[in-house]
Amino acid sequence: MTDITLNSSMAEGAPVEPASRPNLDKGFNPLTMILFFGILAAGLLYVAYSIYADVDATGTRVTSYLPYVLLIVALLIALGFEFVNGFHDTANAVATVIYTHSLPAEFAVMWSGLFNFLGVLTSTGAVAFGIVSLLPVELILQVGSTAGFAMVFALLIAAILWNLGTWYFGLPASSSHTLIGSIIGVGVANALMRGRDGTSGVDWGKATEIGYALLLSPLVGFICAAGLLLLLKVIIKNPALYAAPEGTKAPPLWIRGLLILTCTGVSFAHGSNDGQKGMGLIMLILIGTVPTAYALNRALPENQVAQFQKVSEAASKVVAAKGAGHSIIGDPRPAVTQYITSHHISEGTYPSLSVLVKDVGDQVAKYGSLNKVPAEVVGNTRNDMYLTSEAIRFLMKDKENDLNKEEIATLNAYKGGLDSATKFIPTWVKVAIAIALGLGTMVGWKRIVVTVGEKIGKTHLTYAQGASAELVAAATIGAADVFGLPVSTTHVLSSGVAGTMAANGSGLQVATIRNMVMAWVLTLPVAILLSGTLYVIFSKVF
């Protein structure tokens, strides 16, 4: 490919050598590949040993190997999604350092992989369970059933197929967008198959909240990166910052340090946010196949369980008072499930929830510790806790809840106790996702790196443009992680590069922008249709 035109904003002066295209074809040396496959093999062995140790610790006798076969297949698909996510999104972090000659391509992707790995390990888990809460509650409660496995396989395979398709054409589409669409597709298909309105199969409130994050993140990237570049021009007058690289020459040390720092920040933020999407799904898989080991957080300290019993009593009084004058006969769970599905408070909502809260409290008090809950009832206890937590979550948002501030605080404290018992991520799950995402960044990155580095603007990326886009991407993703929202690293970074090109007067390549917008628009409907279709097929096959 011919050399890329030097940016028009470069200071006038003596002729300089035009910026050259970086070398993207240099392969990894054999030692690196040995290390790659060594880490991969070690990671798989670590996962297998961790599952064995966790199951063995429960004292459960293995009577059938079928659940473990399903577990292995589902885990490989889930880790495969994160691996594809890694190489699909690598360009977001490394394109700027590669095209400014700050780092050689092969070193940049390894560096990015390392900090993706570290980002996953230090993540909070908030995004993981935000994703899970979009799924139909009846499927989460029956995740070990054939419908539950059909759900997990359908949404993961649909997400992988769309990610691979957009990667093949070099389109920086969003893995987050894709996964959300896949989840919505499963929810809609499940509702239609059960004879309900398709809109009842999804928590649309949560979907809308996440949708706003995905919708606004490209605009934030474009506007903020453009604004930051203009601000830099006002504050820092050094012309070297606004120049394209000369030939293959590395930038001045201080600029190079800034670009590597921003690359590191985006890699770390990407790991901490995107890595969590696979965590939540893996936990569903584990709960469905090996509930005795993973349905409840058996590592929860006994003093925390004792505290839970106190807040449980307080919450029981609050809910019982709201349900006073009404009584129910039989199982309270259908009424609570109906409220979560319909989001409409009926006369049976509070009394049913009151009974369920009391049942959960009685179960915990009976055994004294989550570690002592018998294997045969652990799944039911977990489902009761999850159902109660979700009902309270919706009550908090319901304008008809008739709760005062003290009652809301009491229920929130109780919900926190329920979540600590059911929404947890073992260390080995984080490590497995971190390895998959980190190694994925080292494979197949070239296609999208070329798009971001060469095909968005009409001129070569300058140092200031690269730093502005990366800083905005790192800050946006980091903020989304704090608030538990999945945003698109791809959209934030690629739109940030476009914003800096527009602010610099460099011009945009219309064909690329059009293709990116088309991929962005089509991702949700295609993922919904694909996952919904796969769910129907898998439901009939399993």
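The structure presented is a predicted model; accordingly, all values stated were derived computationally and were not measured.
- In this structure, the side chain to side chain contact (heavy atoms under 4.5 Å, CB included) partners of L44, at least two apart in sequence or on a different chain, are L76.
- The two residues T178 and W162 have their closest heavy-atom pair at OG1-CD1, 3.2 Å.
- L471 is linked by a side chain to side chain contact (heavy atoms under 4.5 Å, CB included) to L228, T262, counting only residues two or more places apart in sequence or in another chain.
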Going through the checks in order, is the ring-ring contact (aromatic ring centres under 6.0 Å, His included) test met by Y46 and W428? CA-CA 8 Å; Y46 174 63; W428 72 262; 7.4 Å; no
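- Using the six-membered ring where Trp is involved, W111 and F115 have ring planes that are tilted, between 30° and 60° apart.
- A cation-pi arrangement, defined by a distance under 6.0 Å to the six-membered ring centre and an angle within 45 degrees of its axis, is absent between R447 and F169.
- When the side-chain hydrogen bond (donor to acceptor under 3.5 Å, both in side chains) test is applied to T58, the partners found at least two apart in sequence or on another chain are T60.
- In I235, the CD1 atom is crowded: over 12 heavy atoms of neighbouring residues, nucleotides or ligands sit closer than 6.0 Å.
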List the steps and the verdict of side-chain hydrogen bond (donor to acceptor under 3.5 Å, both in side chains) for S182 and S531. CA-CA 5 Å; S182 297; S531 68; 4.6 Å; no
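- L461 is listed as a side-chain neighbour of V497, based on a closest heavy-atom distance under 4.5 Å.
- Applying the salt bridge (Lys or Arg N to Asp or Glu O under 4.0 Å) test to K455 and every residue at least two apart in sequence or in another chain returns nothing.
- Salt bridge annotation for K423-E390: present, with a cationic side-chain nitrogen under 4.0 angstrom from a carboxylate oxygen.
- Here D419 contributes atom CG and N297 contributes atom CG; the two are 11.5 Å apart, rounded to the nearest 0.5 Å.
- In this view, D54 satisfies the salt bridge (Lys or Arg N to Asp or Glu O under 4.0 Å) rule with no residue, not counting sequence neighbours.
- Under the rule for a side chain to side chain contact (heavy atoms under 4.5 Å, CB included), the partners of A421 that lie at least two apart in sequence or sit in another chain are L300, L370, M385.
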Would N504 and K233 satisfy side-chain hydrogen bond (donor to acceptor under 3.5 Å, both in side chains), going step by step from the backbone distance to the final call? CA-CA 10 Å; N504 203 47; K233 287 188 173 184; 2.5 Å; yes
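- Note on ring orientation: taking the six-membered ring where Trp is involved, the planes of F538 and F153 are perpendicular (angle over 60°, cut-offs 30° and 60°).
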Audit row: F81, N163, side-chain contact (heavy atoms from CB on, under 4.5 Å) steps and yes/no: CA-CA 9 Å; F81 166 76; N163 274 351; 3.9 Å; yes
